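First the structure, in the form of structure tokens, and then the observations on it.
Note that ligands are numbered from 1 as they come in the structure, with each ligand's atoms numbered from 1 the same way. Computed from a predicted model, the values in this text were never measured in an experiment. Just so you know, these numbers use all the heavy atoms, side chains as well, and skip hydrogens, waters and symmetry mates.
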Amino acid sequence: MSGRRLVLSACSVLVLTTVPAVAVAATDATLPSTEEKVAGLTQAASPVARGLIVQTTSGTSSATLERAADAAAGSEVEVVDAERLTGAISTVGFEEPVGYDDAADLAAEVEQRDDVVWAVPDARRKASVASPVTPDDPSFPRQKGVWDTAYASPAGGYSTKAPSVWRSTQGDPAVVVAVVDTGIRKEHPDLKNQLVEGYDMIGADQGDDAQPLPEGDPHRFYTANDGDGRDSDPSDPGDWINANDRYCYPTGGNDFERSSWHGTHVAGIVAAQADNGIGISGIAPGVKVQPVRAVGRCGGWDSDIMAAIAWASGAKVSGVPVNATPADVINVSLGTAAATSQERAEACVPYSRIFRSIPAVVVAAAGNGLGNANLEVPASCSGAVSVAATSEWGFRAFYSNVGSTVDLSAAGGDDVIARNGILSTVGTGSRGPTGTGYAEYMGTSMAAPAVSGAAALMYSLGITDGNRVEEALRATVSGFRSSSKYSAVSLSDGTREYLLNLNCARTRCGSGILDLSRLPAPIGTPTVSGDLVVGEPVSASSRWTRTTAMAYQWMRDGEPVKGATSASYIVRPDDIGHRLSYTVHPAAQAYELIERTSTSSGVVPEATTVTTSGLPTSLRYGVPATVDVTAALGGVPAAGTVRLVRGASEVLDTATLTAGGTASFTISPTRWLAGANALRVAYAGSSEAPRGSSVTRTVTVYRAVPTLTRLTMGSVVNDTSNGTLWARVYVPGVTHPRGTFGVYDGSRRIQTATIAADAHGIKKITLPRLARGTHTLRVKFLGTSVVAPKTSARKTVTSR
Ligand SMILES: [Ca+2]
Ligand SMILES: [Ca+2]
Ligand SMILES: [Ca+2]
């Protein structure tokens, strides 16, 4: 095992050759030098254009303009449409935004045409969706992997969207993320307050006999590069490699490689200090980083990396003092691809054994091999969270390995196709350290610490079980950009062509792209709202960064109240003299450990009790009932008022209690519809006493039973004139019953008449002429929602 060298997962140098339908001038796809990037830090973020705005001479059609722009663009920019903006000004759209400079070049070319007056890039002028939290760090706007303002939908684009969680927490300083890497530049102003003690776990290099090289051997500390073996100082001395270095490159012929300051870059992505007016902000700027040095020049050894992981988690490593601040999350932005699945399986045995024996979450980079993530060691080993990289466009970053062992993806920068890297902290100096600064790197090395930062935020919120954190990480994602346009991207490293599919899918890039706006996090402390009155509801009041189904448990003096698991709670007599509170957590299993306990309510006061007699379970419409009420507090008659309430809040009547604490209501059910009515008699309080208990009963109001009179109707009518009859309906307790009469001749209705509003239920009904003969007539009151129908006796009438 100790013979394996693992290398950093920062990206190797590749150049795009042809990229169909993508705007890339692939002239300089290599990583710019650190100094160039540091110098560029004060400049504004690279602007983009989504098309051109063109003024033509009259008579140039949009179609002509589109063809012209397309011809000028060649294969580098895909022109999708052109349309008239206003007058002779038109817009030409690109399929994807392109760099402003490229668009300006294209505009200049289009402007050469005789029928074009001028052409300028259609540039973005304004952020679409601002970050929910904007720290004062001056380079925050350039941190497109943290919050990308270029998208209106999805808000924050395909970034990590950590500012969504920052409304709740930026991380708990008790949470530690170990960065197993090249070490750290502790003096970096954006990191110096963010660190806990780490360790340098790089031992002496080994010879062919698998024994440490002897003292005096010039390569004894070649990897360590700090002149000694394991020591307590994880400072990064630099990992440069000289030209034609035959120790790292046995066949020689290599160019000089600058120091990467990789561990410092990764540490800044996790937890660069926020709101200090300097540089950038990490994903979890409130937590601590523990730098553990395990890779140096030319990479590092499995044995040192495993020792670093074990030590970081708090496990014993022989010859090394125990870690006083064991890490909750361990970031491993390094690895190499095994040649075969057999080799990978063998290499994973000790790694998985360690991963499974420690409580910490291990997050590892899936590798930048443009190939199979399932061969990457240690990311593909079971027990590690394997992270692939996506670009700011929501596609696979071109370099990222993909495969079924990937757990999720995260923004890792793509400086070649999407033209943006991940900005973070670095040391400066091409060999040893000369200072500190910032640089954009891309790689799964940059995606993994975004996930580690997310895991640290989850720990800070209360998901302190490593398995639950892994589950939550896989759940806290949004979907990949759906498109097929990147199904064939061709790149070259100068010797080999790579044909890449940049479309992500769950089988290739994990469950989705890390999206912390999907993480429900509490904002502030939950409270109990509502009046503490027995029989009345109180409700849970809590704010979260995301609306999602919540689970509640109400508590009485901190003890759960059985069955009280809704957002609201009806105060019970048992609660008198106790305080109420509740716990609340997202219902989804992945987040259920993010639980908060509300502040406690005041003490539930002793309630004035109300008793009633005569409150019926049913009433007849129009027939009043009398309810006697007694209110007492501790056996003493209560003063104040009582209310008769219908439903939730409709006060039907109010009565003042007598000196004996009694009152009575006359329930006169003419104001209600028939059916079930929830009636409540409640103590309404007084200047001395709070509101008290109530008595609630469902009262069913049946329809009134009317009586019907037919006032006048002779037994004989003339067949040449209209007969008349008077009908009247009586409804007990109702002065002016409403409704409709029907007059029937046998079973046939021959007339219908509606009673006027103030007619005492009386209606004069004019009948149609009746054919000669005998008719059996009836008058029927047809009934209403509150009065039942009623039919008169038959009446035989003869028409002559
Ligand atoms: Ca050392
Ligand atoms: Ca050291
Ligand atoms: Ca900062």
Do any N or O atoms from the side chain of Asn254 and from the backbone of Tyr249 form a donor-acceptor pair under 3.5 angstrom?
no
Suppose we screen for side-chain hydrogen bond (donor to acceptor under 3.5 Å, both in side chains). Which residues come up paired with Ser131, at least two apart in sequence or across chains?
none
Pairing residues for Asp172 by the salt bridge (charged side-chain N to carboxylate O under 4.0 Å, His left out) criterion, not counting sequence neighbours
none
Can a donor-acceptor pair be found between the side chains of Ser260 and Tyr441 at a distance below 3.5 Å?
no
Once you round to the nearest 0.5 Å, how far does NZ of Lys161 lie from OG1 of Thr545?
12.5 Å
Looking at the Ca ion (ligand 1), is one of the N, O or S atoms of Gly227 less than 3.0 Å from it?
no
For residues 182-201, which residue pairs pass the ring-ring contact (aromatic ring centres under 6.0 Å, His included) check, not counting sequence neighbours?
His188-Tyr438, Tyr199-Trp311
Taking both backbone and side chain into account, is any N, O or S atom of Ile280 nearer than 3.0 Å to the Ca ion (ligand 3)?
yes
Under a 3.5 Å distance rule, please check whether Thr428 uses its side chain to pair with a backbone N or O of Gly435 as donor and acceptor.
yes
At the Ca ion (ligand 3), what angle lies between atom OD2 of Asp137 and atom OD1 of Asp190, rounded to 10 degrees?
160°
Do any of the N, O or S atoms of Ser281 sit under 3.0 Å from the Ca ion (ligand 3)?
no
Assess Ser139: does it contribute an N, O or S atom lying under 3.0 Å from the Ca ion (ligand 3)?
no
Do Ser478 and Pro154 come within less than 4.5 Å of each other through their side chains, counting heavy atoms only?
no
Is the distance between the ring centroids of Tyr158 and Phe480 under 6.0 Å?
no
Using a cut-off of 3.0 Å, how many protein N, O or S atoms lie below it in distance from the Ca ion (ligand 2)?
5
To the nearest 10°, how many degrees is the angle Gln273 O to the Ca ion (ligand 3) to Ile278 O?
170°
